[in-house]
There are 2 protein chains.
Amino acid sequence: MRMAEVSLKFDLTQDTLRYYERIGLIPPVNRNNNGIREYTEDNLRWVEFIKCMRNAGLPIEALIEYVNLFQQGDHTTQARKELLIEQREQLRLRIEEMTNTLARLDSKIENYGQGINRKEKELSRLTETEIG
Amino acid sequence: MRMAEVSLKFDLTQDTLRYYERIGLIPPVNRNNNGIREYTEDNLRWVEFIKCMRNAGLPIEALIEYVNLFQQGDHTTQARKELLIEQREQLRLRIEEMTNTLARLDSKIENYGQGINRKEKELSRLTETEIG
DNA sequence: CATTGACTTGGAGTTCACTCCAAGCGTTAA
DNA sequence: TTAACGCTTGGAGTGAACTCCAAGTCAATG
């Protein structure tokens, strides 16, 4: 599969695909006789995987390291596993924090729902009491 | 309270505090006779609130709009509520996506745990089957 | 009275993650 | 055979969100 199609398939610009490959965020894609990238199924899986992980906020640096380890072969599986465990923990923490913030927003919206508009109530929307 | 202390309290640089105020991400902070910012309790609540919302990924633009509405007074409560509801929905979606990715990481790590290292297994770590 | 330290301002600089550009090449269509 | 198309490359440009800087003010200290 060529860039144009991959670009459409994953909604990433061709420039972004080239950029990801250039910085090692996805492994190199083989070229045909004319030097044109031909994405294999494996390449496509990498693109999808990286897009998913980036969307979840995993740092580019960590993902580049993961790709590097992958390319070094089977003796890096332990290191890769540790990397994933670390990133999972970071992600878990981010989700936890965001879930707390979501609850705080719920509470704030709830307060607006009560039709309050007095000064002290207005201010209370900013206090931490509403998340406690 | 002065900048230095606020900066320590919330782990935001003084430059960032000034920047947030400059772009309207927090309402203006009153100055004393010498032109120096004196943060009130309300100011501190705003700083904390904005930091929390930014950490959760709410867009700066939306938060500036929220602060603007707040400063326009009580007749904007409905608009503020709608803004918060919209942002809550966006946040909910982000959390959902990230939770799916977390499950995918769990599954990937699980696979590494089985001590597999054959080619086809290696590749399977990239497939979507592991999240299904 | 000079220096130090904490602040002020406007504006320039930095980093990240793309995004765009110019020049060039190989295949297809007229 | 000329043109268009889709790709190639290295490198420059962009926007967001800070981050830093220079020049200046004011109050307190030696």
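Here is the naming used below: chain letters follow the sequence lines, and residue numbers restart at 1 for every chain.
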Is there a donor and acceptor pair, one atom on the side chain of A:D15 and one on the base of C:dC20, closer than 3.5 Å? yes

Short side-chain N/O contact from A:R54 to OP1 or OP2 of C:dC18, under 4.0 Å: yes

Do B:R18 and B:D15 make a side-chain contact, defined as non-hydrogen atoms from C-beta onward lying under 4.5 Å apart? yes

Between C:dG26 (C1') and A:I36 (CD1): distance, integer Å: 7 Å

Considering the options A:R94, A:R88, A:R92, A:E86, which one meets the side chain to side chain donor-acceptor pair (under 3.5 Å) requirement together with A:Q90? A:E86

Gap between atoms CG and P, on B:N55 and D:dA17 respectively (whole Å): 14 Å

Side-chain N or O of B:Y19 less than 4.0 angstrom from OP1 or OP2 on D:dC20? no

At under 4.0 Å, does any side-chain N or O of B:R37 touch on OP1 or OP2 of C:dT9? yes

Rounded to the Å, how far apart are A:E5 CD and D:dC5 C1'? 16 Å

A:R22 near the nucleic acid: base, sugar-phosphate alone, or nothing, with a heavy-atom cut-off under 4.0 Å? base

Using a strict 4.0 Å threshold on nitrogen-to-oxygen distance, state whether A:R31 and A:E38 make a salt bridge. no

With sugar-phosphate meaning primed atoms plus P, OP1 and OP2, does B:R18 contact a base, only sugar-phosphate, or nothing at under 4.0 Å between heavy atoms? base

Tell me what A:I60 touches on the nucleic acid: a base, only sugar-phosphate, or nothing, going by heavy atoms under 4.0 Å. sugar-phosphate

Is the shortest side-chain N/O distance from A:R2 to OP1 or OP2 of D:dG6 below 4.0 Å? no

Using a cut-off of less than 4.0 Å, is there contact between a side-chain N or O of B:N34 and OP1 or OP2 of C:dC7? no

Rounded to whole Å, the CZ-C1' distance (B:R31 to D:dG24) equals 15 Å

Provide, to the nearest angstrom, the distance between the CD atom belonging to B:E38 and the P atom belonging to C:dT8. 9 Å

Between C:dT19 and A:T16, is there an OP1 or OP2 to side-chain N/O distance shorter than 4.0 Å? yes

All heavy atoms of A:L44 vs all of A:F10, minimum pair found to be O-CZ, 3.6 Å

Specify the separation, in whole Å, of atom CD1 of B:I23 and atom C1' of C:dT9. 17 Å

Measure CG/A:L17 against P/D:dT8 and give the value in whole Å, please. 10 Å

Nearest-nucleotide comparison on DNA chain C, the residue closer to the 5′ end among B:Q14 and A:L25: B:Q14

B:D42 and B:R45, any side-chain heavy atoms less than 4.5 Å apart: yes

For A:E21 and C:dT19, what is the distance between atoms CD and C1' respectively, to the nearest whole Å? 17 Å

